[in-house]
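Here is the structure we will look at, set down as structure tokens.
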Amino acid sequence: MANGKIGFGLVGTGMSGGFMAQEMNHVEGGELVAVCSRNEDNVRGFAEANDVRHWFTDYRDLVQHDDVDVVIVSLPSGLHADVTIAASNAGKHALVEKPIEINLERADRMIGACRANGTKLGVIFQMRFGIVARTLKEAVDSGRLGRVFLGDAVDKSARTTAYYNSAAWRGTKELEGGGCLMTQSIHIIDLLQYLMGPVRSVMGRVATHVHDIEIEDTATAVVTFESGATGIIESTSSVRTALKSRVELHGDKGTVVANAQYDKFLLWDVEGDEGRVDVEPSFELSDIDDPWAYPQSRHRIQLQDMVDAIREDRDPVLTGEDARVPLAIIMAIYDSSREGREVFLDAYQPGLGD
């Protein structure tokens, strides 16, 4: 801790790292003090552009630096565990981009190391921290919708060939781990289970229809929740025109439809609850296919939360255990597709394998 501020060290200077560096400027009590990338020219330029004092080409040097209190892990998904565990073993906290990792075994190693070392582990799921998520959660928990019996997550994204060619790790099983479910739709899957409650089982189908990649670009799943409610997950990176994602909740008192990416409500038709939110009737159905252009300002909420969690000696609002849940759902969908059967989530608890 330098100058009374929590020092953040950023590992990874790609798209996510750029967003993190930008949003650190809005965090009270926190400062970006170090950055790491394997390419010396890139990391030096990144450090200069963002006024960062220290730069490294080996994350093991960054996690040992005295000025670093929190390590931001913005690397390809399959490298998250290595950096997080090294940071924790050095006594540093970690804030990791989603997904927490590419399989449950590696995620559990991360969570276990941080708990054993007494270091904090937070994972970025920025959709949880917007108006849509907050309002829908209150509506479900307060009973405004009555008994919620159907909940859907629809995320028909598009990604270009240029996107998959932009980095060697994209589209690979080894480092991306999974495709549209893992990289794009894990946000909305997390939001769905956050609102609907624990998932009991899934029946999934995944396929690669359009892109020349090792992982899926199209996926569907039928979901049964512990409450008895059911739902559908649709996920793509393959459709010709990207569509705005949406969460649709149906209760016996009404229906709500919302887009958490842009924090917009599309429909609020709830008995006795008219006018509760501002609905966007002209919200366009089509969406962009450039992930650089999505709203990113909610990252600062979780960055700020990490500062506050350290000062207050508490867990981050969204922990490693929380981030494990949507990963387990996705692993179950993959297994269901491969095995051609309904898969139950009780087999995916910590310590039971992946």
Side-chain angles (χ1 to χ4, degrees), residues 1-37 43 45-56 59 62-75 80 83-84 86-88 90-100 110 114 118-134 187 190-191 260-263 291-320 322-323:
M1 188 179 300
N3 304 319
K5 292 186 175 183
I6 304 295
F8 285 74
L10 172 64
V11 181
T13 58
M15 180 175 66
S16 171
F19 292 146
M20 289 295 198
Q22 176 181 317
E23 294 308 311
M24 275 302 307
N25 294 320
H26 304 280
V27 176
E28 183 178 348
E31 181 182 12
L32 186 60
V33 298
V35 63
C36 177
S37 175
V43 71
F46 189 97
E48 292 174 356
N50 291 280
D51 196 26
V52 179
R53 293 194 297 276
H54 311 292
W55 57 265
F56 304 92
Y59 71 85
L62 180 142
V63 303
Q64 294 292 338
H65 199 281
D66 290 341
D67 288 352
V68 173
D69 304 297
V70 181
V71 178
I72 302 172
V73 184
S74 293
L75 290 171
H80 290 180
V83 178
T84 300
S88 182
K92 309 302 172 70
H93 311 290
L95 184 60
V96 183
E97 256 294 355
K98 62 77 195 165
I100 183 172
M110 295 167 66
C114 291
T119 59
K120 303 182 190 305
L121 173 58
V123 183
I124 296 291
F125 277 99
Q126 71 269 18
M127 284 190 191
R128 284 263 204 121
F129 298 92
I131 295 170
V132 159
R134 188 163 59 247
H187 284 293
D190 173 68
L191 186 58
Q261 182 75 63
Y262 295 94
D263 242 2
W292 285 92
Y294 285 129
Q296 300 295 331
S297 59
R298 282 165 289 178
H299 283 70
R300 73 186 63 167
I301 297 173
Q302 289 192 258
L303 288 163
Q304 184 67 61
D305 176 65
M306 180 59 80
V307 171
D308 297 341
I310 292 170
R311 295 194 184 282
E312 298 165 12
D313 193 23
R314 59 168 174 81
D315 277 341
V317 171
L318 202 151
T319 65
D322 295 326

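On a predicted model such as this, the values are computed, not experimentally measured, just so you know. These numbers come from the heavy atoms of this one structure, side chains and all, not from hydrogens, waters or symmetry mates.
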From CA spacing to verdict: side-chain contact (heavy atoms from CB on, under 4.5 Å), Val317, Gln302: CA-CA 8 Å; Val317 171; Gln302 289 192 258; over 6 Å; no

With Asp263, which residues qualify under side chain to side chain donor-acceptor pair (under 3.5 Å), at least two apart? none

Separation of Phe46 CZ from Leu32 CG (nearest 0.5 Å): 7.0 Å

Can you tell me how far CG of Leu318 sits from CD1 of Ile124, rounded to the nearest 0.5 angstrom? 8.5 Å

Shortest non-hydrogen separation from Gly17 to Leu10 and the atoms involved: O-CD2, 3.4 Å

Within the 4.5 Å heavy-atom criterion, are Phe8 and Val307 side-chain neighbours or not? yes

Between the side chains of Asp69 and His93, is a donor N or O closer than 3.5 angstrom to an acceptor N or O? no

Distance (rounded to the nearest 0.5 Å) between Asp305 CG and Phe129 CZ: 6.5 Å

side-chain contact (heavy atoms from CB on, under 4.5 Å), that's the test. Do Asn50 and Val35 meet it? Break it down for me. CA-CA 10 Å; Asn50 291 280; Val35 63; over 6 Å; no

Side chains of Val71 and Val11: does their closest heavy-atom pair fall under 4.5 Å? yes

List the steps, then state whether side-chain contact (heavy atoms from CB on, under 4.5 Å) holds for Gln64 with Leu62. CA-CA 5 Å; Gln64 294 292 338; Leu62 180 142; over 6 Å; no

Can a side-chain donor-acceptor contact be found between Glu97 and Ser16 if the only test is distance below 3.5 angstrom? yes

Please check: side-chain N/O of His80 versus main-chain N/O of Ile100, any donor-acceptor pairing under 3.5 Å? yes

Heavy-atom pair with the smallest gap, counting every atom of Phe125 and Lys98: CZ-CB, 3.8 Å

Point-to-point distance, once rounded to the nearest 0.5 Å, from CG of Leu121 to CG of Asp322: 10.0 Å

Answer yes or no: is there an ion pair linking Glu23 with Arg300, defined by an N-O contact shorter than 4.0 Å? yes

Under a 4.0 Å threshold between the charged nitrogen and the carboxylate oxygen, would Asp315 count as salt-bridged to Lys120? no

Which of parallel (below 30°), tilted (30 to 60°) and perpendicular (above 60°) describes Phe19 and His299? tilted

Nearest heavy-atom contact between Ser37 and Val43 is N-CG2, 3.5 Å

For the residue pair Met127 and Ala260, what are the closest heavy atoms and their distance? SD-CB, 3.8 Å

Determine, stepwise, if the pair Val33 / Val68 fulfils side-chain contact (heavy atoms from CB on, under 4.5 Å). CA-CA 7 Å; Val33 298; Val68 173; 4.1 Å; yes

So Cys114 and Thr84, do their side chains get closer than 4.5 Å, heavy atoms only? yes

On a heavy-atom basis, the closest approach of Arg298 and Tyr262 is NH2-N, 4.4 Å

Mind checking the CE-CG spacing from Met20 to Asn25? Nearest 0.5 Å is all I need. 13.5 Å

So, using side chain to side chain contact (heavy atoms under 4.5 Å, CB included) as the criterion, who are the partners of Glu28 when residues are at least two apart? Gln304

Would you give the length of the straight line joining atom CG of Leu75 to atom OH of Tyr59, rounded to the nearest 0.5 angstrom? 9.0 Å

Least distance between heavy atoms, Val123 atom then Thr319 atom: CG2-O, 4.3 Å

Can you name the residues that form a salt bridge (Lys or Arg N to Asp or Glu O under 4.0 Å) with Asp51, not counting sequence neighbours? none

